[in-house]
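Have a look at the structure below, then the notes.
The sequence lines fix the lettering, A, B, ..., with proteins before strands; numbering per chain opens at 1.
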Amino acid sequence: DGGITQSPKYLFRKEGQNVTLSCEQNLNHDAMYWYRQDPGQGLRLIYYSQIVNDFQKGDIAEGYSVSREKKESFPLTVTSAQKNPTAFYLCASSTLAGKYNEQFFGPGTRLTVL
Amino acid sequence: KNEVEQSPQNLTAQEGEFITINCSYSVGISALHWLQQHPGGGIVSLFMLSSGKKKHGRLIATINIQEKHSSLHITASHPRDSAVYICAVPTGNQFYFGTGTSLTVIP
């Protein structure tokens with residue numbers, strides 16, 4: 001079945017540690033996105049990528065890094081520089097063709113810093 | 001400054017009630033998306049519309065491009081409709097999301 005997978009579903013990290021969240025899609029979508037969701041706030045864009053080996057910062061990129069070595073994969077690293085990393089992280093993908101680009105979301109990863 | 005505003009933030013309804021969730025936006029758009037987020041966190045797309053009205057089962061979405069406003073209606077609400085409903089507008093390379101409306105339908 002086509003879709004987006006994220007792993008792990010729950011992740012615990014000690015302060016000062018980097019952690020990488022996985023996002024894979026088999027929809028053949030060009031664009032992939034990482035969002036952060038906090039209680040009472042809308043989804044906020046961390047990074048996005050429209051093509052392999054290229055990515056752009058979103059509104060809240062500080063303390064995060066990404067890579068896009070393969071079309072199917074867009075991992076997000078939460079670094080120790082991110083001061084408040086506890087949140088729900090969602091990955092999404094979309095086609096770039098056409099005028100209306102529906103986004104497809106993964107199930108999310110809930111990160112807790114202990 | 002929020003490009004997308006939703007109301008109400010929270011909504012509790014009795015089973016069977018007609019529900020309306022509103023979304024206003026300030027940016028120019030080609031289409032607006034309504035999303036549903038279940039308690040587990042997963043998000044699914046309900047509607048993508050650029051004009052008029054769309055219907056899917058008990059869900060109806062309308063949009064007025066001139067007024068920059070969209071509504072999501074749920075007819076004959078059911079407890080399984082309990083979720084967070086989010087509107088999103090694409091602009092440039094990004095989407096802007098509302099903060100969501102948390103709906104609880106009581107049996």
Side-chain angles (χ1 to χ4, degrees), chain A residues 2-11 21 23 27 29-51 54-61 87-112, chain B residues 1-11 21-52 54 56 61 63 65 70 83-103:
Chain A
I4 301 178
T5 57
Q6 289 185 244
S7 61
K9 187 170 183 178
Y10 298 96
L11 189 57
L21 282 58
C23 177
L27 300 167
H29 285 169
D30 293 302
M32 297 187 74
Y33 309 81
W34 273 106
Y35 296 98
R36 171 180 171 140
Q37 187 178 39
D38 295 282
Q41 297 194 39
L43 295 171
R44 292 184 291 167
L45 181 64
I46 304 172
Y47 270 98
Y48 68 98
S49 167
Q50 295 185 304
I51 193 170
D54 187 52
F55 45 83
Q56 307 296 327
K57 291 182 179 180
D59 298 324
I60 54 166
F88 187 59
Y89 291 87
L90 283 155
C91 178
S93 71
S94 70
T95 64
L96 292 176
K99 203 174 174 184
Y100 314 124
N101 301 327
E102 181 180 2
Q103 290 205 332
F104 293 81
F105 288 85
T109 293
R110 192 167 300 278
L111 173 64
T112 303
Chain B
K1 172 179 176 281
N2 294 326
E3 286 80 5
V4 183
E5 299 275 357
Q6 278 186 245
S7 64
Q9 282 191 318
N10 297 286
L11 184 55
I21 299 169
N22 296 299
C23 177
S24 296
Y25 53 92
S26 58
V27 294
I29 65 169
S30 56
L32 180 142
H33 301 246
W34 280 103
L35 310 170
Q36 182 190 53
Q37 185 171 30
H38 290 283
I43 292 178
V44 295
S45 178
L46 297 174
F47 291 104
M48 183 171 58
L49 68 165
S50 58
S51 64
K54 281 192 175 181
H56 184 236
I63 189 168
I65 293 289
S70 176
V84 176
Y85 293 84
I86 302 168
C87 68
V89 297
T91 176
N93 294 323
Q94 295 194 34
F95 277 77
Y96 290 103
F97 296 85
T99 55
T101 295
S102 179
L103 171 65

Non-hydrogen side-chain atoms of A/Arg44 and A/Asp59 separated by less than 4.5 Å: no
Neighbour count above 12 (heavy atom, 6.0 Å) for B/Gln9 CD: no
Heavy-atom proximity to chain B below 4.5 Å, by part of A/Gln37: side chain
Interface moiety of A/Leu43 toward chain B, non-hydrogen atoms closer than 4.5 Å: both
A/Gln50, part contacting chain B, at a heavy-atom distance under 4.5 Å: side chain
Side chain / backbone / both / neither for A/Phe104 at chain B, heavy atoms under 4.5 Å: neither
B/Lys54 vs B/Ile63 side-chain heavy atoms within contact, under 4.5 Å: no
Geometric class of the B/His33/B/Phe95 ring pair [parallel <30°, tilted 30-60°, perpendicular >60°]: perpendicular
Between B/Gly40, B/Ser45, B/Ala88, B/Gly42, the one whose heavy-atom pairs under 4.5 Å with chain A are most numerous: B/Ser45
Residue pair A/Ser94, A/Tyr33: steps toward the side chain to side chain donor-acceptor pair (under 3.5 Å) verdict: CA-CA 9 Å; A/Ser94 70; A/Tyr33 309 81; 3.2 Å; yes
